[in-house]
Protein chains: 2
Amino acid sequence: MSTESNHLRKAGLKVTLPRMKILEMLESSETRHLSAEDVYKSLLESGEEIGLATVYRVLTQFETAGLVARHHFEGGHSMFELNEGDHHDHILCVKCGRVDEFMDETIEKRQRQIAQDAGYEITDHSLYIYGICPDCRSKA
Amino acid sequence: MSTESNHLRKAGLKVTLPRMKILEMLESSETRHLSAEDVYKSLLESGEEIGLATVYRVLTQFETAGLVARHHFEGGHSMFELNEGDHHDHILCVKCGRVDEFMDETIEKRQRQIAQDAGYEITDHSLYIYGICPDCRSKA
DNA sequence: CTACGGATGCAAAAGCTTCTCATTATTATC
DNA sequence: GATAATAATGAGAAGCTTTTGCATCCGTAG
Ligand SMILES: [Mn+2]
Ligand SMILES: [Mn+2]
Ligand SMILES: [Zn+2]
Ligand SMILES: [Zn+2]
């Protein structure tokens with residue numbers, strides 16, 4: 001009874017090989033932020049024959065279950081990362097694609113205040129800072 | 001010599017009928033935030049025969065020229081709005097699609113600080129707050 | 001007014017994501 | 001452990017937004 005299968009069961013999802021492999025992939029990947037295509041290709045390289053449609057379906061189910069978070073970075077396609085409970089926002093390098101994370105309570109607080117002032121009941125937010133990372137700056 | 005044609009010339013763009021009509025559309029629209037499809041359909045309704053490909057091309061040129069800003073709200077497709085010089089962020093209703101705008105100097109400042117702390121040279125940022133707007137809340 | 005180069009429209013194609021449906025695997029029950 | 005009901009999967013087709021190729025058209029410098 002592995003940790004992964006428990007996560008799946010707790011999420012109300014049947015324990016299937018594709019779901020296990022995708023979850024393991026997300027946990028073990030060097031890169032925290034992966035596209036569906038990334039996950040698909042990595043699985044192929046590991047010798048796992050899992051269809052791209054299944055990868056998309058499973059990632060969406062994981063999102064609904066709260067196991068992963070979906071992000072819409074610039075570039076159009078969705079990026080997924082394991083949800084470790086802690087909310088955070090992202091700062092991305094426009095040169096190399098590097099992604100760093102941060103959390104700023106001052107910003108979080110101001111956001112809640114802004115929503116309240118505008119009469120909105122806040123459900124979510126997304127904040128992306130784009131720039132040139134230290135490595136790319138020194139290379140230039 | 002209308003204001004619109006001057007804007008185009010200043011941006012280094014030839015003054016063509018499609019570009020004029022699209023610019024007028026953006027200026028006169030009730031809704032500040034429009035998709036390419038929105039612009040295309042509105043032009044059709046006004047009796048202007050402008051191809052969708054041209055709408056996309058022109059909006060991209062306007063963006064490059066700094067005449068419009070492109071946003072990536074949830075839902076995948078790009079939204080455009082006339083650039084009036086002032087930077088602002090957005091708060092959106094997940095029920096009805098309403099879009100409100102805000103600018104918070106505290107958040108702007110914190111963002112610059114976060115980028116600096118992470119060693120990034122900031123180029124841009126995008127902040128979207130999602131929630132339920134006053135109207136939709138009272139209806140529920 | 002002419003001629004050149006850029007702009008346009010249409011259709012085709014691209015890129016990402018979802019859907020359809022026949023087949024297969026999982027799980028509750030015996 | 002075998003069985004039946006039910007859900008999940010894979011392959012390809014389809015959907016949507018956006019881009020591109022190319023023949024034709026138009027704006028503008030001269
Ligand atoms: Mn992250
Ligand atoms: Mn706006
Ligand atoms: Zn970089
Ligand atoms: Zn609303």
Side-chain angles (χ1 to χ4, degrees), chain A residues 1-2 4-25 33-44 46-65 67-68 70-80 97, chain B residues 1-2 4-25 33-44 46-65 67-68 70-80 97:
Chain A
M1 214 101 310
S2 71
E4 285 84 16
S5 44
N6 278 332
H7 283 155
L8 292 177
R9 262 185 273 271
K10 219 182 292 178
L13 296 168
K14 275 194 196 174
V15 179
T16 66
L17 201 111
R19 298 214 258 238
M20 289 291 283
K21 292 299 177 190
I22 292 170
L23 192 48
E24 284 170 14
M25 174 92 274
H33 307 88
L34 299 165
S35 67
E37 192 78 29
D38 291 337
V39 172
Y40 174 66
K41 282 193 192 140
S42 303
L43 288 170
L44 277 190
S46 325
E48 304 295 338
E49 294 282 327
I50 296 177
L52 181 56
T54 299
V55 172
Y56 273 103
R57 264 186 304 237
V58 168
L59 286 173
T60 301
Q61 291 159 349
F62 283 5
E63 183 194 13
T64 303
L67 290 177
V68 309
R70 181 196 301 255
H71 304 295
H72 303 276
F73 301 153
E74 300 228 339
H77 52 298
S78 296
M79 301 289 276
F80 300 86
Chain B
M1 213 96 315
S2 70
E4 284 85 18
S5 43
N6 279 331
H7 283 156
L8 292 177
R9 263 186 273 270
K10 217 181 293 178
L13 297 168
K14 273 196 198 171
V15 180
T16 65
L17 202 111
R19 299 213 258 238
M20 289 291 282
K21 292 300 176 189
I22 292 170
L23 192 47
E24 284 170 14
M25 174 92 272
H33 307 88
L34 298 165
S35 68
E37 191 78 28
D38 291 337
V39 173
Y40 174 65
K41 282 193 193 143
S42 303
L43 288 170
L44 276 192
S46 326
E48 305 294 339
E49 294 282 326
I50 296 177
L52 180 56
T54 300
V55 173
Y56 273 104
R57 267 185 301 237
V58 168
L59 286 173
T60 301
Q61 291 159 347
F62 283 6
E63 183 193 13
T64 304
L67 291 177
V68 309
R70 180 196 300 255
H71 305 294
H72 303 277
F73 301 153
E74 298 228 338
H77 52 297
S78 296
M79 301 290 276
F80 300 86

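Source: prediction; values computed, not measured. Per chain, numbering begins at 1; letters A, B, ... match sequence-line order.
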Quick one: label A:Ile50 by what it contacts on the DNA or RNA (base, sugar-phosphate, nothing), any heavy atom closer than 4.0 Å. sugar-phosphate
With DNA chain D as reference, determine whether B:His77 or A:Arg19 sits nearer its 5' end, using the nearest nucleotide of each. A:Arg19
Between B:Leu13 and A:Gln61, which residue's closest nucleotide on DNA chain D lies nearer the 5′ terminus? A:Gln61
Report the distance from atom OH of B:Tyr56 to atom C1' of C:dG15, rounded to the nearest whole Å. 13 Å
When we call it a touch if two heavy atoms are under 4.0 Å apart, what does A:Ser78 touch: a base, just sugar-phosphate, or nothing? sugar-phosphate
Nearest-angstrom distance from the residue atom CE of A:Met20 to P of C:dT26: 11 Å
Could you tell me whether A:Glu37 contacts a base, only the sugar-phosphate backbone, or nothing, with contacts defined as non-hydrogen atoms closer than 4.0 Å? nothing
Separation between CZ (B:Phe62) and CG (B:Leu8), nearest 0.5 Å, reads 5.0 Å
Between CG of A:Leu52 and C1' of C:dG15 the distance, given in whole Å, is 12 Å
Euclidean distance, atom CD of residue A:Glu74 to atom P of C:dC16 [Å, nearest integer]: 15 Å
Can you tell me how far OG of A:Ser46 sits from NZ of A:Lys21, rounded to the nearest 0.5 angstrom? 8.5 Å
Nucleotide interval of DNA chain D bounded by contacts with chain B (heavy-atom cut-off, under 4.0 Å): D:dT17 to D:dT28
Among A:Glu4, A:His7, A:Glu24, A:Lys14, whose side-chain contact (heavy atoms from CB on, under 4.5 Å) with A:Arg19 holds? A:Lys14
Going from CG on A:Leu13 to CZ on A:Arg9, what distance comes out if it is rounded to the nearest 0.5 angstrom? 11.0 Å
Find out whether B:Thr60 and B:Arg70 are in side-chain contact, i.e. whether some heavy atom of one side chain is under 4.5 Å from a heavy atom of the other. yes
Would you please confirm or rule out a distance under 4.0 Å between OP1 or OP2 of C:dA25 and any side-chain N or O of A:Thr16? no
Contact nearer the 5' end of DNA chain C, comparing A:Ala36 with B:Glu49: B:Glu49
Expressed in angstrom and rounded to an integer, what is the separation of A:Lys21 atom NZ from C:dT26 atom P? 12 Å
Closest non-hydrogen atom pair, A:His77 against A:Ser35: CD2-CB, 3.8 Å
Give the rounded distance in Å between these two atoms: NZ of B:Lys14 and C1' of C:dA3. 12 Å
When rounded to whole Å, the CZ to C1' distance for the pair A:Phe80 and C:dC16 reads 11 Å
As an exercise, state the distance from OG of B:Ser78 to CG of B:Leu59, rounded to the nearest 0.5 Å. 9.5 Å
